[in-house]
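First up is the structure itself, then whatever we jot down about it.
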Amino acid sequence: MAESETQESVPPVPDAAGAETVKHDARFICMQDVRKAFGEHKVLEGVDLDISRGESLVIIGSSGSGKSVLIKHIIGLLDPDAGKVVVDGLNVPDLRRDDRRTLRQRMGMLFQYAALFDSMNVGDNVAFPIRQHTKWPAEKVRARVEEVLGWVGLKGTESKSPADLSGGMKKRVGLARAIAMDPEIMLYDEPTTGLDPILGDQINDLILDLAERLNVTSVTITHDMPSAYKIADRIAMLYQGKIEETGTPEQIQNTDNAVVQQFIHGRAKGPITTM
């Protein structure tokens, strides 16, 4: 997408009144001592995490460890009980509703089960965020939909119904919709769940291709360790409400941390089962 089109579709975040600007140096996304509980259930208990611009970070951890809760804080769907969530210098919980919505327009999200609208065909699903947030003429929308569907290998499928698609195709349509607004940040929620190893690896290849094509900052949550090793610049493990360890895929594979080793090798016995 041309620079002028990007500016038209995704306006820059203004200096929001009341939003605290936080110095972040090279950190594009920064979580500082983030805590979140639902009633008596404590989910995040002091998460500290920095993500650099253009980095691909993968978050791993057991089911129920709070990975989805963490990613919802980045996109501003949840606010922390304590701590800071900083995106490009703005403390997200301080943002007013309109400014938070504007920030979200700079993000794309691929949901675990694609979350396509059953009542819309493929083309309308992909066009949905463009029509919601721009006043582009119909021909320009159509061209953008065709372009991003081509990027994910689904050119010519605009008239198909989601019910006619395989699981892998649905994921790719969801990915096309997520990138339709040319996001700076991509959030992936279990992108290979429900797919066989070959289709899962195709999704991994798409994630890598789009990261290079769009120069996005990516945050992925997954249980799929081969996927994590392939797409990550760094991996962070969430355990008992905190980041247990971070490192490159090689560092994580070779760590002497028993908790991390138990998870990445899928061993049933050990401390991680106490969660």
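In this chain, numbering begins with 1 at the start of the sequence shown.
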Practice item. Decide yes or no for His73 and Leu44: does some side-chain heavy atom of the first lie under 4.5 Å from some side-chain heavy atom of the second? Key: yes

Practice item. Quickly, which of Glu250, Glu245, Glu55 forms a salt bridge (charged side-chain N to carboxylate O under 4.0 Å, His left out) with Arg234? Name it, please. Key: Glu55

Exercise for review: Tell me whether Leu206 is reachable from Leu208 by hopping between hydrophobic residues (I, L, V, M, F, W, Y) whose side-chain heavy atoms are closer than 4.5 Å.
Suggested key: yes

Practice item. Please report the closest heavy-atom contact between Leu238 and Ser65, naming both atoms and the distance. Key: CD2-O, 3.3 Å

Review point. Honestly curious: do Ile71 and Phe38 fall in one hydrophobic cluster under the side-chain, below-4.5 Å linking rule?
Key: yes

**Study point:** Check: Asn121/Ser159 side-chain N/O donor and acceptor closer than 3.5 Å
**Key:** no

Point to revise | Rounded distance [0.5 Å steps], OG in Ser56 versus NZ in Lys230 | key: 12.5 Å

**Study point:** Worked check of side chain to side chain contact (heavy atoms under 4.5 Å, CB included) between Val216 and Ile179
**Key:** CA-CA 10 Å; Val216 296; Ile179 63 175; over 6 Å; no

**Study point:** Student check: side-chain heavy atoms of Phe128 and Asn125 closer than 4.5 Å
**Key:** no

Check your understanding: Taking the side chain as C-beta and beyond, is there a heavy-atom pair between Glu184 and Arg53 under 4.5 Å?
Key -> yes

Review point. Distance from Leu116 atom CG to Phe111 atom CZ, nearest 0.5 Å?
Key: 10.5 Å

Review point. Any side-chain heavy atom of Asp98 within less than 4.5 Å of one from Arg101?
Key: yes

Review point. If you take all heavy atoms of Pro80 and Lys36, which pair is closest and at what distance?
Key: CA-CD, 4.3 Å

Revision key, fill the gap. Looking only at heavy atoms, the pair that brings Ile264 and Ile252 closest together is CD1-O, 3.6 Å

**Study point:** Hphob cluster co-occupancy, Leu90 + Leu77, side-chain heavy atoms under 4.5 angstrom
**Key:** yes

Check your understanding: Rounded to the nearest 0.5 Å, how far apart are OH of Tyr229 and OG1 of Thr248?
Key -> 10.5 Å

**Study point:** For the student: nearest non-hydrogen atoms of Leu165 and Lys170, plus distance
**Key:** O-CE, 3.6 Å

**Study point:** Over all atoms of both residues, closest heavy-atom pair of Ala176 and Val152
**Key:** CB-CG2, 4.0 Å

Exercise for review: Would you indicate whether the side-chain heavy atoms of Ile243 and Asp48 approach each other to under 4.5 Å?
Suggested key: no

Point to revise | Pair Asp189 + Lys67, salt bridge at N-O below 4.0 Å | key: no

Study note, to complete from the structure: The residue among Leu175, Val141, Val148 that forms side-chain contact (heavy atoms from CB on, under 4.5 Å) with Val126 is Val148

Point to revise | Working for side chain to side chain contact (heavy atoms under 4.5 Å, CB included), residues Met181 and Thr134 | key: CA-CA 10 Å; Met181 292 286 288; Thr134 77; 4.2 Å; yes

**Study point:** Spacing of CD1 belonging to Ile75 relative to CE belonging to Met107, to within rounding of 0.5 Å
**Key:** 6.0 Å

**Study point:** Heavy-atom side-chain proximity of Asp182 to Arg144 below 4.5 angstrom
**Key:** yes

Exercise for review: Applying side chain to side chain contact (heavy atoms under 4.5 Å, CB included), run through Lys140 and Ile130 and close with a yes or a no.
Suggested key: CA-CA 10 Å; Lys140 188 175 180 181; Ile130 304 174; over 6 Å; no

Practice item. Answer yes or no: is there a donor N or O on one side and an acceptor on the other, between the side chain of Asn91 and the main chain of Val85, under 3.5 Å? Key: yes

Check your understanding: If only atom types and distance count, is the side chain of Glu158 paired as donor or acceptor with the main-chain N or O of Gly156 below 3.5 Å?
Key -> yes

Review point. Given side chains that start at C-beta, do those of Ile231 and Ser218 come closer than 4.5 Å, heavy atoms only?
Key: no

Revision key, fill the gap. On a heavy-atom basis, the closest approach of Lys171 and Ile203 is CB-CD1, 3.9 Å

Point to revise | Derivation and outcome, side chain to side chain contact (heavy atoms under 4.5 Å, CB included), residues Asp88 and Phe28 | key: CA-CA 5 Å; Asp88 200 16; Phe28 187 42; 3.4 Å; yes

Exercise for review: Check Thr193, Thr192, Asn204 against Ser227 for a side-chain hydrogen bond (donor to acceptor under 3.5 Å, both in side chains) and give me the one that passes.
Suggested key: Asn204

Practice item. May I ask you to decide whether Lys84 forms a salt bridge with Asp94, counting only side-chain N to carboxylate O separations under 4.0 Å? Key: no

Check your understanding: Within a strict 4.5 Å, meaning less than it, do heavy atoms of the Leu210 and Met186 side chains meet?
Key -> no

Practice item. For the pair Arg100 (side chain) and Gly76 (backbone), establish whether a donor and an acceptor sit closer than 3.5 Å, ignoring hydrogens and angles. Key: yes

Point to revise | Separation of Arg104 CZ from Ile74 CD1 (nearest 0.5 Å) | key: 13.0 Å

Practice item. Measure the CG-CG distance between Leu187 and Leu57 for me, rounded to the nearest 0.5 Å. Key: 11.0 Å

